[in-house]
Engineer: 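Following this message is one structure expressed as structure tokens.
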Amino acid sequence: MSEVRVRIAPSPSGNLHIGTARTALFNYLFAKKNNGKFVLRIEDTDAERTSQAYIDNIFDSLKALGLNWDEGPDVGGEYGPYTQSERFDIYPKYAQILLDKGFAYECFCTPEELEAEKAIATQNKKPYVYTKRCEHLTEEEKEKFRKEGRKPAIRFNISKAQRAFHDSSILKFNDMVKGELHVDTDLLGDFVIMKSNGTPTYNFAVVIDDMLMKISHIIRGEDHISNTFKQILIYEALGAEVPEFGHLGMILAPDRSKLSKRHGATAVSEFVEKGYLTEALINFVALLGWSPSDGVEIKTVDEIAKDFRIHDVSSSNSIFEYDKLNWMNSHYIKMLDIEDLKERLKPYLTKYDLSELSDAQYTRMVEVTREPLTILSDITDAVPYFFGEDVEIEPKAQTEVLDTEVAQDVLEEFARQAQGWEFEEENLHHKLEVFRGEYKEKGIKPKVTMWAIRAAVTGRTCGADMTAILAILGKERTLHRVRKAMKPAVKN
RNA sequence: AGCGGUAUCGUCUAGUGGUUAGGACGGGAGAUUCUCAUUCUCCAAACAGGGGUUCAAUUCCCCUUACCGCCGCCA
């Protein structure tokens with residue numbers, strides 16, 4: 001069996017899309033599972049929409065996801081270059097072969113003429129197919145067009161190729177995920193393979209590149225199914241071996257439309273900026289279409305690779321639901337090593353002065369605030385009360401807690417007692433327990449007692465473990481905040 | 001319009017010619033807790049519709065419907 005070689009071929013007209021990331025993942029998994037090679041090719045034939053920033057983003061995102069490629073623009077490889085714009089001299093040669101073999105012909109139609117043809121078709125409610133008017137141009141006619149300054153495009157002659165290699169007009173292939181797919185090639189129009197400006201079209205460039213790069217299996221989105229038929233014919237016309245194809249269902253937004261900006265993030269880098277872990281992202285996206293044989297959903301890419309079978313991938317579209325991604329992300333955050341988490345959280349804590357905390361205090365703060373985090377950026381709003389002398393009191397904490405008589409009583413008592421406490425966690429834990437106990441005997445629920453302290457110290461009604469908070473803040477700051485919170489009531 | 005594809009709880013999915021149709025997320029209820037959260041327990045929730053084939057169809061076939069994709073000198 002010849003070597004398994006797969007590829008991901010993104011077009012750098014935007015940041016790496018989450019859908020492209022999934023396609024890349026499935027290719028990567030397939031390569032891993034079959035001891036194959038995973039290659040990265042940049043399809044930048046459309047100079048207009050290409051930018052270096054996007055190329056960098058694609059590299060960075062793929063790397064961050066752990067989808068490392070064996071061959072690509074940066075690492076090179078036997079079949080380079082891996083950037084289409086650096087391969088422009090290759091395509092005309094193959095176009096010429098097709099021309100020579102009679103599987104392609106020059107087309108001198110102008111955009112306006114084509115436009116007119118299309119208009120007629122739409123008027124008659126007929127699907128538009130190119131009329132082949134340039135198929136049998138004589139040398140004289142071509143010469144005349146050239147004199148007019150017209151530059152020809154090159155079209156692929158579908159029916160000619162189909163007739164040369166198949167019995168009927170029906171072309172079929174066996175898709176690794178969809179099963180047998182077929183189409184009547186008579187319904188396909190002769191498509192352009194080389195534009196009049198001398199650059200290849202997508203359908204031509206992919207085939208040439210995949211052929212030259214010896215790609216054995218092409219796994220991509222099902223939006224490419226109709227291209228596949230055209231591409232197969234090119235392979236055949238060139239006398240090349242046709243690779244295996246596998247078409248994945250698409251990822252849709254919850255409203256079943258294409259996942260776009262208005263649904264939130266679409267680029268991997270946007271998810272990362274928001275605080276999604278790449279481990280969670282990749283795991284989540286793997287579950288869209290694929291399911292583990294042992295039912296355990298949380299898995300590393302390597303574990304998934306071992307269990308991966310392309311033929312078992314679901315062939316239907318799947319909807320991108322944040323609920324599960326969020327759950328999975330929070331799960332991964334919980335699993336993170338504390339030192340690792342401390343580092344990953346730092347970008348989201350820039351508005352605070354971390355130097356106020358010792359490493360031990362920072363560690364403790366992270367330990368007690370990590371639990372409810374869904375995405376890393378949640379930390380930003382979870383910790384303001386750990387910093388600064390004073391604290392901002394939320395309206396709700398003021399009106400529902402601090403303004404009550406009980407709370408004021410608790411605070412007064414707390415301030416008096418805590419004066420003599422040692423602000424060390426174990427001790428605080430014990431003291432607070434006793435403190436709550438005293439109030440409980442007076443008929444005040446522990447919850448209410450603690451609420452008063454929490455509201456005064458953190459300005460909130462909910463948050464991290466109180467013992468830890470007090471220990472981190474220290475006696476001085478705690479009492480300062482408590483006294484500040486009790487002032488108004490004391491005056492009565 | 002044409003061509004192609006898809007159809008199991010709200011979502012991601014498992015599964016089978018005969019099953020109490022399973023799991024996960026989300027939802028609901030309860031327990032734990034100083035709050036939120038976590039954790040644990042329990043509950044509700046699906047085979048799109050109609051025809052066949054068959055002793056039997058969620059499973060196989062056909063049709064309908066719905067949804068998705070493609071119809072560029074974009075990729």
Side-chain angles (χ1 to χ4, degrees), chain A residues 9-14 43-46 48-50 84 107 109-111 114-115 118 121-122 124-130 151-155 175 178-179 181-184 187-189 191-203 205-206 221-229 247 249-250 252 254 256-258 284 287-293 295-298 312 314-328 330-331 334 369-374 382 401 432-433 435-436 445-455 458 460-467:
Chain A
S11 157
S13 54
E43 307 214 326
D44 58 347
T45 49
D46 186 0
E48 297 278 302
R49 302 198 297 167
T50 295
Q84 271 183 344
C107 169
C109 295
T110 61
L114 262 15
E115 216 39 66
K118 252 176 250 183
T122 348
N124 299 339
K125 293 207 167 174
K126 293 270 192 196
Y128 171 70
V129 236
Y130 177 62
K151 292 254 194 295
I154 299 175
R155 283 184 189 270
D175 191 275
K178 300 244 176 212
L181 260 23
H182 53 85
V183 78
D184 184 345
L187 269 21
L188 267 27
F191 58 99
V192 172
I193 55 175
M194 290 295 286
K195 304 177 200 175
S196 53
N197 67 7
T199 62
T201 59
Y202 164 78
N203 270 317
V206 245
E222 69 176 29
D223 48 337
H224 284 289
I225 289 178
S226 37
N227 287 328
T228 307
F229 298 103
H247 290 92
M250 317 253 57
L252 269 24
R256 291 177 188 280
S257 65
K258 198 184 285 182
F284 171 71
L287 259 17
L288 262 25
W290 174 83
S291 66
S293 58
V296 179
E297 295 188 326
I298 301 292
D312 289 348
S314 162
S315 62
S316 51
N317 295 339
S318 40
I319 291 173
F320 190 99
E321 279 285 0
Y322 271 88
D323 281 341
K324 187 143 186 178
L325 204 216
N326 286 341
W327 166 78
M328 195 167 272
S330 65
H331 178 84
K334 287 184 184 68
T369 52
R370 68 185 296 178
E371 202 65 35
L373 301 180
T374 296
V401 182
L432 280 173
E433 207 166 16
F435 189 79
R436 284 198 294 273
K445 287 184 190 158
K447 180 173 164 178
V448 174
T449 313
M450 296 303 285
W451 245 346
I453 302 171
R454 179 180 295 280
T458 72
R460 303 178 169 200
T461 53
C462 59
D465 179 78
M466 275 312 298
T467 316

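Here is the naming used below: chain letters follow the sequence lines, and residue numbers restart at 1 for every chain. Just so it is clear, the model here is predicted, and its values are computed rather than measured.
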Engineer: Within the structure shown, what part of the strands sits under 4.0 Å from A:R49 by heavy-atom distance: base, sugar-phosphate, or nothing?
Structural biologist: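 Since a base atom lies under 4.0 Å of A:R49, the category is base.
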
Engineer: Test of understanding: with salt bridge (Lys or Arg N to Asp or Glu O under 4.0 Å), list the residues that count as partners of A:E321, not counting sequence neighbours.
Structural biologist: none

Engineer: List in chain and number order the residues that pass salt bridge (Lys or Arg N to Asp or Glu O under 4.0 Å) with A:D184, two or more places apart in sequence or in another chain; answer none if no residue qualifies.
Structural biologist: none

Engineer: Listed by chain and number, what are the salt bridge (Lys or Arg N to Asp or Glu O under 4.0 Å) partners of A:R460, not counting sequence neighbours?
Structural biologist: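 Salt bridge (Lys or Arg N to Asp or Glu O under 4.0 Å) check on A:R460 returns A:E394.
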
Engineer: Sequence neighbours excluded, which residues qualify as side-chain hydrogen bond (donor to acceptor under 3.5 Å, both in side chains) partners of A:Y322?
Structural biologist: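 None.
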
Engineer: Could you please name the partner base of B:G69, counting Watson-Crick and G-U wobble pairs only when both distances are under 3.5 Å?
Structural biologist: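 Base-paired to B:C3.
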
Engineer: Under the side-chain contact (heavy atoms from CB on, under 4.5 Å) test, which residues partner A:L252, sequence neighbours left out?
Structural biologist: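 With neighbours one apart ignored, the set is A:M250, A:N317, A:I319.
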
Engineer: For A:S330, what residues pass the side-chain contact (heavy atoms from CB on, under 4.5 Å) criterion, not counting sequence neighbours?
Structural biologist: A:K334

Engineer: Could you work out, with salt bridge (Lys or Arg N to Asp or Glu O under 4.0 Å) as the rule, every residue matching A:D44, not counting sequence neighbours?
Structural biologist: none

Engineer: Using side-chain contact (heavy atoms from CB on, under 4.5 Å) as the criterion, list what pairs up with A:N227, not counting sequence neighbours.
Structural biologist: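 Result, side-chain contact (heavy atoms from CB on, under 4.5 Å) vs A:N227: A:Y202, A:N203, A:H224, A:Q231.
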
Engineer: Could you pull out all residues at least two apart from A:S11 that satisfy side-chain contact (heavy atoms from CB on, under 4.5 Å)?
Structural biologist: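 Result, side-chain contact (heavy atoms from CB on, under 4.5 Å) vs A:S11: A:S13.
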
Engineer: Determine the Euclidean distance between corresponding P atoms of B:U38 and B:C25; express it in Å to zero decimal places.
Structural biologist: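 11 Å, rounded to whole Å.
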
Engineer: Report the nucleotide, chosen from B:U38, B:C34, B:G26, that has the shortest atom-to-atom distance to any side-chain atom of A:R436.
Structural biologist: B:C34

Engineer: Could you go through nucleotides 58-65 of chain B and list every protein N or O atom that sits under 3.5 Å from one of its N or O atoms, giving the distance for each pair?
Structural biologist:
none

Engineer: What does A:A464 touch in the nucleic acid at a heavy-atom separation under 4.0 angstrom: a base, only the sugar-phosphate, or nothing?
Structural biologist: base

Engineer: Which part of the nucleic acid does A:T45 contact within heavy-atom distance under 4.0 Å: base, sugar-phosphate only, or nothing?
Structural biologist: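 Result for A:T45 = sugar-phosphate.
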
Engineer: Do nucleotides 4-17 of chain B as a string where each nucleotide becomes B, S or -: B if the base has a protein heavy atom under 4.0 Å, S if just the sugar-phosphate does, - if no protein is that close.
Structural biologist: SSS----SSSS---

Engineer: Dump the pairs, protein N or O against N or O of nucleotides 42-48 of chain B, anything under 3.5 Å, distances to one decimal.
Structural biologist:
none

